[in-house]
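Counting starts at 1 for both ligands and their atoms, in listed order. Throughout, numbering of the chain's residues begins at 1 and tracks the sequence. Side chains included, hydrogens not; waters and symmetry mates left out as well; all remaining heavy atoms used. Since this is a predicted model, take the numbers as computed values, not measurements.
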Amino acid sequence: NIDVTPIGGLRSIEEGRHVVVRGWVYRKRVLKNKVFLVIRDSSGIVQIVFSGGLAEEASRLNIESAVYVGGTVKREERAPGGVEIQADSILWKFVGEQFPINEDAAEADSELLLDLRHLWVRSRKMQAVLKIRSTIFSAVHEYFRSNGFYEVQAPTFISAAVEGGSTLFSLDYFGTPAYLTQSAQFYLEALIYSLEKVYTIAPSFRAERSRTRRHLTEFWHAEMEMAWAGLRDVMKVGEGVISRAVERVLQDNLEELSIIGRKTEYLERIKPPFPMVSYDEAIEILRNKGVQLKWGDDIGADEERVLTLQFDKPIHLHHFPEAVKAFYHKNDPQRPETTLSVDVLAPEGYGEVIGGGERIENYDELVSKIRKFGLEPSNYGWYLDLRRFGSVQHAGFGLGMDRLVMWICGLDHVRDALPFPRDMRRIRP
Ligand SMILES: NC(=O)C[C@H]([NH3+])C(=O)NS(=O)(=O)OC[C@H]1O[C@@H](n2cnc3c(N)ncnc32)[C@H](O)[C@@H]1O
Ligand SMILES: [Mg+2]
């Protein structure tokens, strides 16, 4: 077995040393009696120069051919990473067919790149985003685990809507109507009576018919729930988890941020506390910016864009009117027309990344709210049971992981924040 050097490690190898690298052909330039190949592996790219007989063999390789190449390390400021390899052998190769994505297609045709996403994931941009995504998932797990949360799992087949019936995916479950989960929340609310602080990161499903830059039909959802907690605790955990994710990306992924052209100064200022903006204040700010909105209206993506451009950090937008939030949100006893709810909106126009708040813990209050929202209490039997036995103040949120990746990477569309996006028109590859 051959001692292979990861491409990302070459810059620390002394000049003149013989190495073997392996990877896939990323770029090819054929000159009269030389061939320059740029080879990539998961750790980086390197330019390799082939002369003489080897140039002929190298010229027959395609983009994305797989190779093992032996050669000598040379310092070359003009080459990527300041290093070049003078090849002396091609130890193994898989030539493969003509790769269907070339450089200009990559810029021009976004539908082609979605149709060929199973191949486009090899691109430098997607590779960089996926590395940052991996860091963000790891940071969110690390934040919850280091703050006393237990990781739990909730079912994907469910029997009742959490976030409104209009975005449910229905399915026939052995003759019984069932749905794909919109949120693990209700299960987390059951689990806090065992573990007190719980979280899960899992897919949620929403039959979103609107094609927007931030909606998927299947998205990765980090949800947490805490017993003995209220609105302020949700805000504290929300800003803590977002700040930890940004901090870890700045520690581990500076190279990837530079590959995708994301300026770090936008991220360096993301530290707690985040500004708190009440719904009332938000309506005022928006009105002063010329947005026609009356109290009681929902604050949608366009209004969020205007609002977030006033701040350079995420904001806690709290105390939404009862009617614009789901039935389970607890009304503020001081202002019963509002709820103890909070959305965290990412800056630079990205908007909502977290939705959450305090839940109704009183049985009768919840039954009357379910009825007030035109829902059937008998569909929420087990959820109501939680209010019959040892019910306590409790609160939680859902964080859209794909939207968090989208904002941290500065992407134009949430579909570029995950490897295989799903929206109403796409379920392949
Ligand atoms: N445990 C909880 O309290 C979560 C609560 N039941 C819930 O689902 N809230 S949410 O609908 O605002 O969704 C939460 C977040 O989930 C993200 N989200 C919500 N819907 C989507 C879609 N369709 N695509 C991508 N991301 C989505 C977005 O960041 C939201 O802020
Ligand atoms: Mg929401």
K.L.:
Near Arg214, which atoms of ligand 1 are under 4.0 Å from a heavy atom of that residue?
P.N.:
24 (N), 25 (C)

K.L.:
Which residue holds the protein heavy atom closest to atom 29 (O) of ligand 1, what is that atom called, and what is the gap in Å?
P.N.:
Val353 O, 2.9 Å

K.L.:
Arg359 near ligand 1, heavy-atom distance under 4.0 Å?
P.N.:
yes

K.L.:
Heavy atoms only, cut-off 4.0 Å: how does Tyr328 contact ligand 1, side chain, backbone, both, or neither?
P.N.:
side chain

K.L.:
Give the residue, atom name and distance (to 0.1 Å) of the protein heavy atom nearest atom 15 (C) of ligand 1.
P.N.:
Gly398 O, 3.5 Å

K.L.:
With backbone taken as N, CA, C and O and side chain as the heavy atoms from C-beta onward, which portion of His215 lies under 4.0 Å from ligand 1: side chain, backbone, both, or neither?
P.N.:
both

K.L.:
Would you call the rings of Phe144 and Phe397 parallel, tilted or perpendicular, where under 30° means parallel and over 60° means perpendicular?
P.N.:
tilted

K.L.:
Between Val162 and ligand 1, does any nitrogen or oxygen pair lie at a separation below 3.5 Å?
P.N.:
no

K.L.:
Strictly under 6.0 Å, is that where the ring centroids of Phe420 and His118 end up?
P.N.:
no

K.L.:
For the pair Asp115 and Arg426, find out whether any cationic side-chain nitrogen is under 4.0 Å from an anionic carboxylate oxygen.
P.N.:
yes

K.L.:
Hey, looking at atom 13 (O) of ligand 1, which of Gln182, Glu163, Arg206 has the closest heavy atom?
P.N.:
Arg206

K.L.:
Below 3.5 angstrom, do we get any N/O pair linking Gly400 and ligand 1?
P.N.:
yes

K.L.:
With a 3.5 Å distance limit and no angle check, can you tell me whether Arg415 reaches the backbone of Leu216 through a side-chain donor-acceptor pair?
P.N.:
no

K.L.:
Quick test of your reading of the structure: of Phe205, Phe219, Tyr187, whose heavy atom lies closest to atom 16 (O) of ligand 1?
P.N.:
Phe219

K.L.:
What are the atoms of ligand 1, with element, lying closer than 4.0 Å to any heavy atom of Glu223?
P.N.:
1 (N), 2 (C), 4 (C)

K.L.:
Looking at the Mg ion (ligand 2), which N/O/S atom of Glu352 is the nearest one?
P.N.:
OE2

K.L.:
Is a side-chain donor or acceptor of Asp298 paired with a backbone partner of Gly300 at a separation under 3.5 angstrom?
P.N.:
no

K.L.:
Under a 4.0 angstrom heavy-atom cut-off, which atoms of ligand 1 come close to Ile354?
P.N.:
31 (O)

K.L.:
Using atom types as modelled and distance alone, determine if a side-chain donor or acceptor of Thr308 lies under 3.5 Å from a backbone N or O of Gly349.
P.N.:
yes

K.L.:
With side chain to side chain contact (heavy atoms under 4.5 Å, CB included) as the test, pick out the partner of Phe149 among Glu225, Lys197, Glu196.
P.N.:
Lys197

K.L.:
Just to be sure I'm reading this right: ignoring hydrogens, which of Val342, Asp402, Leu216 gets closest to atom 23 (N) of ligand 1? Compare them by their nearest heavy atoms.
P.N.:
Leu216

K.L.:
Checking a contact table here: which protein heavy atom is nearest atom 12 (O) of ligand 1, and how many Å away?
P.N.:
Glu352 OE2, 3.0 Å

K.L.:
Can you confirm if the aromatic rings of Tyr187 and Trp382 lie within a centre distance of less than 6.0 Å?
P.N.:
yes

K.L.:
Going by distance alone, is a donor N or O of one side chain under 3.5 Å from an acceptor N or O of the other, for Glu163 and Tyr328?
P.N.:
yes

K.L.:
Determine whether any heavy atom of Glu225 lies closer than 4.0 Å to an atom of ligand 1.
P.N.:
no

K.L.:
Considering only non-hydrogen protein atoms, determine which one is nearest to atom 28 (C) of ligand 1 and report residue, atom name and distance to 0.1 Å.
P.N.:
Arg403 NH1, 3.6 Å

K.L.:
Between the side chains of Asn362 and Glu365, does any donor sit under 3.5 Å from an acceptor?
P.N.:
no

K.L.:
Is a donor from one side chain sitting under 3.5 angstrom from an acceptor on the other, for Asp252 and Thr135?
P.N.:
no

K.L.:
What I want to know is whether Leu399 and ligand 1 share at least one N or O pair that is separated by under 3.5 angstrom.
P.N.:
no

K.L.:
As an exercise, identify every atom of ligand 1 less than 4.0 angstrom from a heavy atom of Glu208.
P.N.:
23 (N)

K.L.:
Between Ser278 and Asp280, is any side-chain donor less than 3.5 angstrom from a side-chain acceptor?
P.N.:
no

